[in-house]
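Here's the structure we're looking at; comments come further down.
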Amino acid sequence: PAKLREYGFPQPKAAVCLSPAVDLATPGRSLTKNKDKDWITKETLDVIGTTYLRGQDPKAPGISPIFGDLKDLPPLFLQVGTHEVLYDDVLDFAEKARAAGNNVTLETWEEMFHCWQIFSSVLPEGRQAIDSIGKFVKQTLATA
């Protein structure tokens with residue numbers, strides 16, 4: 001949404017962010033704290049980061065939104081699991097987005113790992129998370 005604003009495009013009515021990688025420059029405390037609880041490892045993040053960055057600055061706001069201007073964003077819906085290596089990054093982002101005056105809905109899911117929602121066919125928490133996303137989208141679009 002911030003990049004759309006920068007280029008003068010209209011903002012979406014909402015943004016749904018599932019286990020988002022919001023800081024590719026300075027991984028948070030949970031990278032160490034949750035290293036044995038998540039299927040994403042530091043090595044995996046390093047490979048993904050190198051491939052995604054392709055030499056770009058990891059602190060560029062278009063790469064790591066936590067370093068950007070977060071004012072005037074659409075309503076944000078964030079889901080993150082407490083066992084994710086990205087957990088603290090998402091909490092920090094939510095705090096910064098709220099401080100910039102945005103409407104932020106943050107759901108933290110106990111003992112969930114990175115992108116648990118994709119396992120909704122076998123994981124009840126995945127189905128519940130998707131239902132919660134649907135409720136947010138319906139409510140947000142109804143009031144937009």
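Residue numbers count from 1 along this sequence.
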Quiz prompt | Intermediate values then yes/no, side-chain hydrogen bond (donor to acceptor under 3.5 Å, both in side chains), E84 and S30 | solution = CA-CA 7 Å; E84 291 195 51; S30 53; over 6 Å; no
Quiz item: What are the two closest heavy atoms between S64 and L24, and how far apart are they?
Solution: OG-N, 2.7 Å
Self-check item: Listed partners of R98 passing salt bridge (Lys or Arg N to Asp or Glu O under 4.0 Å), at least two apart
Solution: none
Quiz prompt | Validation row: V90, S19 side chains within 4.5 angstrom (heavy atoms) | solution = no
Practice problem: With sequence neighbours left out, write down each residue that passes ring pair (Phe, Tyr, Trp, His ring centres under 6.0 Å) with F136, or none if nothing qualifies. | Solution: F77
Quiz prompt | Verdict with reasoning, I133 to L18, per side-chain contact (heavy atoms from CB on, under 4.5 Å) | solution = CA-CA 10 Å; I133 295 163; L18 310 180; 3.6 Å; yes
Exercise. Output every pair passing side chain to side chain donor-acceptor pair (under 3.5 Å) with a member in residues 135-144, not counting sequence neighbours, ordered by first then second residue.
Key: none
Practice problem: Provide the closest heavy-atom pair for Q79 versus A129 in the form atom of the first, atom of the second, distance. | Solution: NE2-O, 3.1 Å
Quiz prompt | Smallest separation among heavy atoms of P61 and G68, with atom names | solution = CB-CA, 3.5 Å
Quiz prompt | Side-chain heavy-atom pair D89, L91 within 4.5 angstrom cut-off | solution = no
Exercise. Would you mind listing every side chain to side chain donor-acceptor pair (under 3.5 Å) that reaches into residues 45-61, with sequence neighbours excluded?
Key: K42-D46
Quiz item: Out of curiosity, does V104 fall in the hydrophobic cluster containing V80 (side-chain heavy atoms, cut-off under 4.5 Å, transitive links)?
Solution: yes
Quiz prompt | Closest heavy-atom pair and its distance - T82, N34 | solution = O-ND2, 2.9 Å
Exercise. Determine the minimum heavy-atom distance between W116 and G81, stating which atoms define it.
Key: CZ3-N, 3.4 Å
Exercise. Would you indicate whether E95, at its atom CD, is surrounded by more than 12 heavy atoms from other residues, nucleotides or ligands within a distance under 6.0 Å?
Key: no
Quiz item: Within a strict 4.5 Å, meaning less than it, do heavy atoms of the E43 and I48 side chains meet?
Solution: no
Quiz item: Mind checking what makes ring pair (Phe, Tyr, Trp, His ring centres under 6.0 Å) contact with F119, not counting sequence neighbours?
Solution: F113
Quiz prompt | Distance, nearest 0.5 Å, that separates CD of E110 from CD of E125 | solution = 11.0 Å
Quiz prompt | Shortest non-hydrogen contact from H114 toward W39 | solution = O-NE1, 2.8 Å
Practice problem: Considering only Ile, Leu, Val, Met, Phe, Trp and Tyr, and joining two whenever side-chain heavy atoms are under 4.5 Å apart, list the other residues clustered with V47. | Solution: none
Self-check item: ILVMFWY cluster, L123 and I130 together (side-chain gap under 4.5 Å)
Solution: no
Quiz item: Rounded to the nearest 0.5 Å, how far does CG of L86 lie from CG of D23?
Solution: 9.5 Å
Quiz item: Between L45 and I40, is any pair of side-chain heavy atoms under 4.5 Å apart?
Solution: yes
Self-check item: Lys/Arg-Asp/Glu bridge criterion (N-O < 4.0 Å) met for D38, K33
Solution: no
Practice problem: Report yes if some heavy atom in the side chain of L76 is under 4.5 Å from a heavy atom in the side chain of N103; otherwise report no. | Solution: no
Quiz item: Atom CG of L73 and atom CG of N102: how far apart are they, to the nearest 0.5 Å?
Solution: 4.0 Å
Quiz item: Under 4.5 Å between any side-chain heavy atoms of P20 and F93, yes or no?
Solution: no
Exercise. Check the pair E111 / H83 against side-chain hydrogen bond (donor to acceptor under 3.5 Å, both in side chains), numbers first and verdict last.
Key: CA-CA 5 Å; E111 300 182 4; H83 282 185; 5.1 Å; no
Self-check item: Min side-chain heavy-atom separation S132-Q128 under 4.5 Å
Solution: no
Quiz item: Run the salt bridge (charged side-chain N to carboxylate O under 4.0 Å, His left out) check on D69 and K96 step by step: do they pass?
Solution: CA-CA 10 Å; D69 177 2; K96 183 175 179 186; over 6 Å; no
